[in-house]
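First up is the structure itself, then whatever we jot down about it.
All residue numbers refer to positions in the sequence shown, counting from 1.
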Amino acid sequence: MAELAHQLLIQPRFGSSARALVVDSHATARSILASQLRGLGVGHVVHCSNAHEARKQMATLGFDVLLCEHRLDCGTLGQTLIDDLRRARQLPLSTVVIMLSSEASYRVVSEVAESALDGFIIKPFTAYKLEDRLIAAFKRKSGLRAIFEAIESDRHADALALCEARFKTRGAYWVDASRVGAELALLLDRVPLASAMYAAVLADKAVPWAKLGLARSLDASGRGSEAMSTIQNLLSDEPTYADAYDVMGKIFADQGDFAGAVNAFRQAAEITPFSVARAQKYGILAYHAGDPAHAVPALERAVRLGAESPAFDHQTLLLLAMAHYRSGDAAGLRDCRSRLDSAIDKLGKGAPADPRVERLQRLGQMARTLNALHDSDRIALHAGLSQVAGGLRSPGFDIEAATNLLSLISTSSAAGLAIDQAVHWVRDAGLRFCVSRQVTEMLVKACEPAPAHGELVRAAHAEIGEISRTALSEGLAGDHRRAVEQLLIAVERTRNAKLLDMTEATLERYRERIDRVEALAQRCQELRELCGLTQRSPLAGDADRPPGGLPLGLGAAGQRAR
């Protein structure tokens with residue numbers, strides 16, 4: 001009877017239209033798995049030996065089940081592949097994902113548990129055991145289907161409401177719903193709800209991901225020191241918990257402690273040596289912190305590991321190109337430029353308005369400009385810098401682009417190839433992006449080859465501060481409308497996000513005392529789009545997976561403005 005019950009549960013899900021993907025480096029293991037799946041009624045079984053082939057299959061076919069070996073070819077981890085697929089939105093939440101491994105160590109088991117997969121099976125195993133795990137996973141997917149469907153259609157508020165209802169009633173799979181719901185609550189700025197969900201899970205069972213989630217909630221509430229204390233306590237029990245170091249690094253970076261952030265990201269990268277995203281995050285931050293000795297090996301490792309991976313950030317290649325230029329490595333510089341040109345050829349077929357295409361083309365132009373600088377080609381250098389700087393006021397020109405541009409301008413000046421307009425470009429970049437002392441110093445760091453440019457950035461920071469003080473004085477004098485109007489004029493001129501935030505805060509606080517407030521609010525919204533306030537940070541790394549969070553594959557509608 002038990003066997004019949006299993007078949008009744010699994011057959012409706014499997015059949016002639018069902019698809020499964022098996023990823024395992026060993027041909028015999030793949031053959032056995034494929035046979036077992038066909039014996040369970042799976043109509044189509046595809047198997048491949050490496051992560052590259054798996055990505056190609058997932059990009060073209062949809063699968064109901066993914067069975068993945070923990071260690072794949074060339075040391076690649078199955079978890080890295082799964083994270084890549086989630087980031088690329090090629091692995092729906094409805095797909096059952098089961099990890100396979102011949103290792104039963106605590107570290108392997110805990111890593112899988114923290115990754116929110118649907119199952120973990122130690123090799124060797126019987127077809128009955130595989131069937132049992134698949135049935136349990138399908139039951140769970142069915143129980144959470146409405147939540148997953150809402151997330152995948154970008155209805156995040158609806159998904160959160162479903163999670164909250166399950167959490168409050170402690171219904172079936174409430175812990176799973178709370179884990180997803182807490183992520184959504186943080187995304188939608190409902191921090192108290194996220195904290196309550198994580199705390200309830202911790203009270204039920206002391207799982208590391210819930211403690212880390214609580215730390216993230218504390219950080220989102222502005223309680224960074226408490227968040228750091230919670231993470232340090234967690235790491236004393238779980239010293240190899242890479243996600244905890246990710247969150248620690250993020251908190252350090254937000255506080256302007258780049259040395260602390262670099263150290264935290266380094267530890268995360270060392271714990272997961274085959275993670276492309278972590279190698280990049282560590283390398284990029286180390287580069288911006290002025291530590292090329294550690295940055296370059298990390299960036300080069302990221303290129304070796306995953307230049308073709310969806311997780312690969314092409315900013316890595318530009319920073320490597322700059323490092324190669326400064327060390328006099330002409331061959332390395334050419335290689336980086338060639339890789340960027342190839343990436344542009346592939347992605348450039350997308351829509352011209354696609355931000356990814358715009359960003360990649362800008363990175364390619366910067367690499368070509370750096371090549372012109374290496375060749376002392378003044379005409380090509382001038383044209384390249386002018387083209388990049390021409391986008392300084394566009395919404396898609398972000399802090400990453402500004403940092404790259406300032407580095408190129410200052411490097412050109414240090415090489416004796418200064419351009420007349422450079423002073424104006426540096427000042428404009430400073431006026432737009434000097435939103436805090438920490439960001440200002442990062443921009444100054446980019447100007448290191450030409451210290452005079454760094455002083456221009458600091459002067460721009462001071463100018464933004466003076467505008468803020470003047471507006472505050474107007475407000476204190478009771479003329480709130482004039483304060484808002486003066487701020488709006490300054491935002492239109494500078495595109496500075498700090499000034500826009502100050503404008504919106506003033507409007508919100510004194511809206512009852514300001515006439516025609518809706519028209520002013522409309523101007524703020526228009527300027528918010530012009531300022532490109534949904535653009536990514538150069539240190540953001542993984543946009544779809546916040547540090548320590550689940551890679552839910554949230555769409556563009558779910559990306560919160562920074």
(Q) Could you tell me if the side chain of Leu305 sits less than 4.5 Å from the side chain of Phe312, heavy atoms only? (A) no
Q: Please report the closest heavy-atom contact between Ala215 and Ile231, naming both atoms and the distance.
A: CB-CG1, 3.6 Å
Q | salt bridge (Lys or Arg N to Asp or Glu O under 4.0 Å) contacts in which one or both residues fall within residues 364-383, not counting sequence neighbours | A | Asp341-Arg368
**Q.** Heavy-atom closest contact (Lys250 atom, Phe265 atom, distance)
**A.** N-CZ, 3.7 Å
Q: For residues Leu218 and Ala227, report the shortest heavy-atom separation together with the two atoms involved.
A: CB-CB, 3.9 Å
(Q) Any salt bridge linking Asp428 with Arg495? Criterion: basic side-chain nitrogen under 4.0 Å from a carboxylate oxygen. (A) no
Q. Relative to each other, are the rings of Tyr510 and His480 parallel, tilted or perpendicular (30° and 60° limits)?
A. parallel
Q.
With no hydrogens and no angle check, just 3.5 Å: does a side-chain donor-acceptor pair link Gln438 and Asp254?
A. no
(Q) Closer than 4.0 angstrom, basic N to acidic O: yes or no for Glu485 and Arg482? (A) no
Q: Flag the pair Arg513 and Asp479 as a salt bridge only when some basic side-chain nitrogen lies within less than 4.0 angstrom of an acidic carboxylate oxygen.
A: no
Q) How close do Ser410 and Cys447 get, heavy atom to heavy atom, and via which atoms? A) OG-CA, 3.3 Å
Q: Considering only NZ, NE, NH1 and NH2 on the basic side and carboxylate oxygens on the acidic side, decide whether Glu400 and Arg362 come within less than 4.0 Å.
A: no
(Q) Going by salt bridge (charged side-chain N to carboxylate O under 4.0 Å, His left out), name the residues that satisfy it together with Arg511, two or more places apart in sequence or in a different chain. (A) Glu508, Glu518
Q. Any Lys/Arg nitrogen of Asp243 or Arg278 sitting under 4.0 Å from an Asp/Glu carboxylate oxygen of the other?
A. yes
Q) Salt-bridged, Asp329 to Arg334, with N to O below 4.0 Å? A) no
(Q) Please give me the minimum heavy-atom distance between Thr369 and Gly384, naming the atom from each residue. (A) OG1-CA, 3.3 Å
(Q) So which atom in Ile271 and which in Thr240 form the shortest heavy-atom distance, rounded to 0.1 Å? (A) CG2-O, 3.4 Å
**Q.** All pairs passing salt bridge (Lys or Arg N to Asp or Glu O under 4.0 Å) where residues 457-467 contributes a residue, at least two apart
**A.** Arg427-Glu463, Glu441-Arg458, Glu455-Arg458, Glu463-Arg493, Glu466-Arg469
Q.
So, using side chain to side chain contact (heavy atoms under 4.5 Å, CB included) as the criterion, who are the partners of Gln387 when residues are at least two apart?
A. Gln365
Q.
Taking the side chain as everything from C-beta on, heavy atoms only, tell me whether Tyr245 gets closer than 4.5 Å to Arg266.
A. no
(Q) Just by distance, no angles: are the side chains of Asp291 and His294 close enough, under 3.5 Å, to form a donor-acceptor pair? (A) yes
Q | Atom pair NE2/CG of His314 and Leu360 - distance to nearest 0.5 Å | A | 5.5 Å
Q: Sequence neighbours left out, what passes side chain to side chain contact (heavy atoms under 4.5 Å, CB included) with Ser221? Give chain and number order.
A: Val191, Arg223
Q. Partners of Asp515 by salt bridge (charged side-chain N to carboxylate O under 4.0 Å, His left out), sequence neighbours excluded?
A. Arg481
